[in-house]
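Everything below concerns the one structure shown next.
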Amino acid sequence: MNTLTNNVFDCALVFEGGGYRGSFSAGIANVLLEQGIHFDYVCGLSAGASNTINYVSRDRTRVRKSFIVDGPAKSAVGLRSILRGKGYFDADALYEGALTSGALPFDWEAFSANPARVRIQAFERNSGRTVRFGREEMTDPTRMVNIVRASSTLPGAMQPLPIDGVVYYDGGLGTGAGIPLCMAEDDGFERFFFVATRPRGYRKQPPTEREARIYARIAKDYPYLRKALLSRWERYNVAIEHVERLAAEGRAYVVYPDEMTVESGTVSTRRLTASYEAAHEQGLRDLPLWRTFLFGAPDAGPRPEDPDAGTGYITLG
């Protein structure tokens with residue numbers, strides 16, 4: 001495959017996490033792909049890490065299916081997974097297992113042909129360090145999907161899989177507390193297209209006494225993990241306020257869901273499909289605003305019929 005081309009170079013595409021709220025982000029990602037809007041820098045964490053690699057691979061079917069719990073994935077999330085001792089999310093089945101079984105194939109050739117820079121963040125359990133992985137660490141599809149899993153591993157809900165002997169947890173526990181825009185800033189970007197999975201104005205609340213006890217039990221002998229869990233609410237609020245300031249300055253365009261109808265652990269195929277479709281409709285509605293921010297005018301930028309825009313608009317059944 002020849003090298004793919006991109007057309008947005010001065011603005012970073014940033015995907016927030018949020019478990020199966022990522023179904024909203026998937027709908028937004030597919031509108032971008034259908035319209036041939038290709039960012040040269042993409043970053044995300046947790047569920048946003050999955051949206052990052054899927055977007056860069058330009059596989060619109062995978063973009064959608066990654067967040068629609070259906071078929072074999074039904075037994076990998078929720079009560080059935082818990083009863084098998086795998087936690088709420090059976091990470092073995094949802095990540096490498098889905099790749100090797102063919103349940104959710106990945107277009108490694110297209111991903112490799114795309115020159116876009118990629119950043120995915122994870123939290124190092126034993127040291128509390130925030131670690132960022134780039135394309136250079138993604139040497140093959142299995143290692144790539146294991147990095148995505150590391151960035152998505154919720155303490156107590158998923159079994160961690162060490163990478164090079166190091167145990168990582170959800171990237172939302174690290175710098176930015178779940179708002180991955182900090183990755184793009186650290187890489188020198190000043191403009192951002194941020195796909196949020198919380199409604200406008202959302203703020204996290206301090207953990208209750210019961211939640212604090214649960215965090216202490218989950219963290220056990222890992223003080224950095226416990227501190228990150230307890231302080232995340234406050235750090236998240238600071239980070240999202242920073243995003244709001246950038247938006248007010250015209251340096252960030254934030255795609256907020258009109259309404260977030262699913263939660264991180266939602267497993268209903270019907271509800272997740274509705275979330276995806278609502279996001280897709282919202283994206284098509286707001287395209288002129290996106291084009292104005294990215295290309296300077298409501299009708300500027302690539303079109304689906306352009307030869308370099310990909311394969312054009314499709315409806316995924």
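Given the structure is predicted, the values throughout are model-derived calculations rather than measurements.
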Taking the side chain as everything from C-beta on, heavy atoms only, tell me whether [X] gets closer than 4.5 Å to [Y].
X: Ser152; Y: Val148; value: yes
X: Gln159; Y: Leu161; value: no
X: Leu294; Y: Phe39; value: yes
X: Leu33; Y: Tyr55; value: yes
X: Asn6; Y: Tyr41; value: no
X: Asp286; Y: Tyr253; value: yes
X: Asp107; Y: Arg58; value: no
X: Glu190; Y: Asp10; value: no

Exercise: identify the closest heavy-atom pair between [X] and [Y]:
X: Ser151; Y: Leu45; value: OG-CA, 3.4 Å
X: Asp187; Y: Arg117; value: O-NH1, 4.3 Å
X: Thr3; Y: Pro115; value: CG2-CD, 4.0 Å
X: Leu104; Y: Lys65; value: CD1-CB, 3.8 Å
X: Arg291; Y: Pro298; value: CD-O, 3.2 Å
X: Glu137; Y: Ile147; value: O-CD1, 3.8 Å

With clusters defined by side-chain heavy atoms of hydrophobic residues (ILVMFWY) lying less than 4.5 Å apart, directly or transitively, does [Y] cluster with [X]?
X: Leu284; Y: Tyr276; answer: yes
X: Phe67; Y: Val145; answer: yes
X: Met183; Y: Phe15; answer: no
X: Val243; Y: Phe192; answer: yes

Value rounded to 0.5 Å, distance of [atom1] in [X] from [atom2] in [Y]:
X: Leu173; Y: Glu124; atom1: CG; atom2: CD; value: 13.0 Å
X: Asn114; Y: Ile53; atom1: CG; atom2: CD1; value: 12.5 Å
X: Asn51; Y: Cys43; atom1: CG; atom2: SG; value: 12.0 Å

Verify the neighbour count for atom [atom1] of [X]: are there more than 12 heavy atoms of other residues, nucleotides or ligands below 6.0 Å?
X: Arg235; atom1: CZ; result: yes
X: Asp221; atom1: CG; result: no
X: Glu209; atom1: CD; result: no

Run the salt-bridge test on [X] and [Y] with the 4.0 Å N-O cut-off and return the result as yes or no.
X: Arg203; Y: Glu241; answer: yes
X: Arg119; Y: Asp186; answer: no
X: Asp170; Y: Arg232; answer: no

(message) Tell me whether the rings of Phe293 and Phe193 are parallel (<30°), tilted (30 to 60°) or perpendicular (>60°).
(response) tilted
(request) May I ask you to check if Arg62 and Phe106 form a cation-pi contact, with NZ or CZ under 6.0 angstrom from the six-membered ring centre and within 45° of the axis? (result) no
(request) Establish, for the pair Arg271 and Tyr20, whether the NZ or CZ atom is under 6.0 angstrom from the six-membered ring centre and no further than 45 degrees off its axis. (result) no
(request) Identify the residue among Leu225, Val167, Thr153 that makes a side-chain contact (heavy atoms from CB on, under 4.5 Å) with Phe123. (result) Leu225
(request) Keeping to residues at least two apart or across chains, list the ring-ring contact (aromatic ring centres under 6.0 Å, His included) pairs with something in residues 204-226. (result) none
(message) Between Trp108 and Phe111 (judged by ring centroids, cut-off 6.0 Å), do the two rings come close enough to count as a pair?
(response) yes
